[in-house]
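Below is one structure, written out as structure tokens, with a few remarks after it.
Bear in mind that the values here come from a model prediction, so they are computed numbers and not experimental data.
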Amino acid sequence: MKKRFFIAGTDTDAGKTLVTTGLLAAANRQGLRTIGLKPVAAGCEQTPEGLRNSDALQLQQAASITLSYEQVNPVAFEPPIAPHIAAEQEGRTLSADRLAAYCRGAMMQPADLVLVEGAGGWRVPLSMRESLARLPQLLELDVILVVGMKLGCINHAILTAEAIARDGLHLAGWVANHIDPDMSCPDENLATLERLFRAPLLGRIPWLDNPTPEVVADHVDLSPLQLSKK
């Protein structure tokens, strides 16, 4: 059975894309067929081909299965602001149902691993009626949480894990991503989270001056996810 996961972050800039591409690279090394999706992205650039988001482009490149950009990132907004605000400014409506439909289309590909990257934190709104957290519920995805290791990360991580559980979803694992090179007591913070989380630690990404998916892949362990070829 193909494995599908939603990649959530404790906050904006926690490193979801970095970790997602690293997980894809690690799976590619095992000969697995992989797909990375970014259903909604704000902060895109105008190009001759249309709006393009750097995170989505990285996912497209890191995956072993070639998808069109529109399959990877079906909903794109130019301003780097909350998606629901960007949608309001353009007179558009965002809905988890529509995003789920886009994802299901891409998921018809014969992939062994599909990673669906969220936007911002767990409760980022799509509208005043629903948040992006509704998407993994509709797709019945287990969750991998990226914890941006910085001051305050313990509170952010625990609150996010509680929200994931409250929404009826399973936390399949988490990744500690050291986004602050000057963080005090990083080992102690990591040890605290390991004691508080029931989910397995899939990797600890050190501060990297020049991060690449291949380098990140050296710091992750996919074995708790029990991936296999279809």
Applying the 4.5 Å side-chain criterion to the ILVMFWY set and letting contacts propagate, would [X] and [Y] be lumped into a single cluster?
{"X": "Leu57", "Y": "Phe77", "value": "no"}
{"X": "Met107", "Y": "Val72", "value": "yes"}
{"X": "Leu139", "Y": "Leu171", "value": "yes"}

With a 4.5 Å limit on heavy-atom distance, are the side chains of [X] and [Y] in contact?
{"X": "Leu202", "Y": "Ile144", "value": "yes"}
{"X": "Leu23", "Y": "Leu115", "value": "yes"}
{"X": "Glu78", "Y": "Leu51", "value": "yes"}
{"X": "Pro83", "Y": "Val124", "value": "yes"}
{"X": "Thr10", "Y": "Cys153", "value": "no"}
{"X": "Leu67", "Y": "Gln109", "value": "yes"}
{"X": "Leu227", "Y": "Leu32", "value": "yes"}
{"X": "Thr34", "Y": "Ile65", "value": "no"}

Once rounded to the nearest 0.5 Å, what's the spacing between atom [atom1] of [X] and atom [atom2] of [Y]?
{"X": "His84", "Y": "Gln89", "atom1": "NE2", "atom2": "CD", "result": "10.0 Å"}
{"X": "Leu145", "Y": "Leu201", "atom1": "CG", "atom2": "CG", "result": "11.0 Å"}
{"X": "Lys3", "Y": "Leu222", "atom1": "NZ", "atom2": "CG", "result": "10.5 Å"}
{"X": "Leu99", "Y": "Leu126", "atom1": "CG", "atom2": "CG", "result": "6.0 Å"}
{"X": "Ser127", "Y": "Arg92", "atom1": "OG", "atom2": "CZ", "result": "14.0 Å"}
{"X": "Lys229", "Y": "Leu113", "atom1": "NZ", "atom2": "CG", "result": "13.5 Å"}

- Message: Which residues pass the salt bridge (charged side-chain N to carboxylate O under 4.0 Å, His left out) test with Lys38, not counting sequence neighbours?
- Response: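 Lys38 satisfies salt bridge (charged side-chain N to carboxylate O under 4.0 Å, His left out) with Glu117 once adjacent residues are dropped.
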- Query: Considering residues at least two apart in sequence or located in another chain, which fulfil the ring pair (Phe, Tyr, Trp, His ring centres under 6.0 Å) criterion with Phe6?
  - Reply: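 Trp122.
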- What residues, two or more places apart in sequence or in another chain, satisfy ring pair (Phe, Tyr, Trp, His ring centres under 6.0 Å) together with Phe197?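 Once residues adjacent in sequence are excluded, the partners of Phe197 under the ring pair (Phe, Tyr, Trp, His ring centres under 6.0 Å) criterion are Trp174.
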- Item | Test side-chain hydrogen bond (donor to acceptor under 3.5 Å, both in side chains) applied to Gln71 and Ser68, step by step | CA-CA 5 Å; Gln71 288 175 294; Ser68 69; 3.3 Å; yes
- Task: Start with the C-alpha distance between Arg33 and Asp112, add both sets of side-chain angles, then the distance that settles salt bridge (charged side-chain N to carboxylate O under 4.0 Å, His left out), and finish with yes or no.
- Result: CA-CA 5 Å; Arg33 295 166 295 181; Asp112 302 304; 3.3 Å; yes
Donor-acceptor check, side chain of [X] to backbone of [Y], threshold 3.5 angstrom: yes or no?
{"X": "Asn177", "Y": "Arg204", "result": "no"}
{"X": "Asn73", "Y": "Val75", "result": "yes"}
{"X": "Asp11", "Y": "Ala14", "result": "no"}

- Query: Looking at Lys150 and Asp182, does any basic side-chain N land under 4.0 Å from a carboxylate oxygen?
  - Reply: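 Looking at Lys150 and Asp182, the cut-off is not met.
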- Query: Would you call Arg52-Glu70 a salt bridge at under 4.0 Å N-O?
  - Reply: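 Judged by the 4.0 Å cut-off on N to carboxylate O distance, Arg52 and Glu70 do form a salt bridge.
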- Query: Checking side-chain hydrogen bond (donor to acceptor under 3.5 Å, both in side chains) for the pair Ser95/Asp97: CA distance, chi angles, key distance, verdict?
  - Reply: CA-CA 5 Å; Ser95 77; Asp97 282 328; 5.5 Å; no
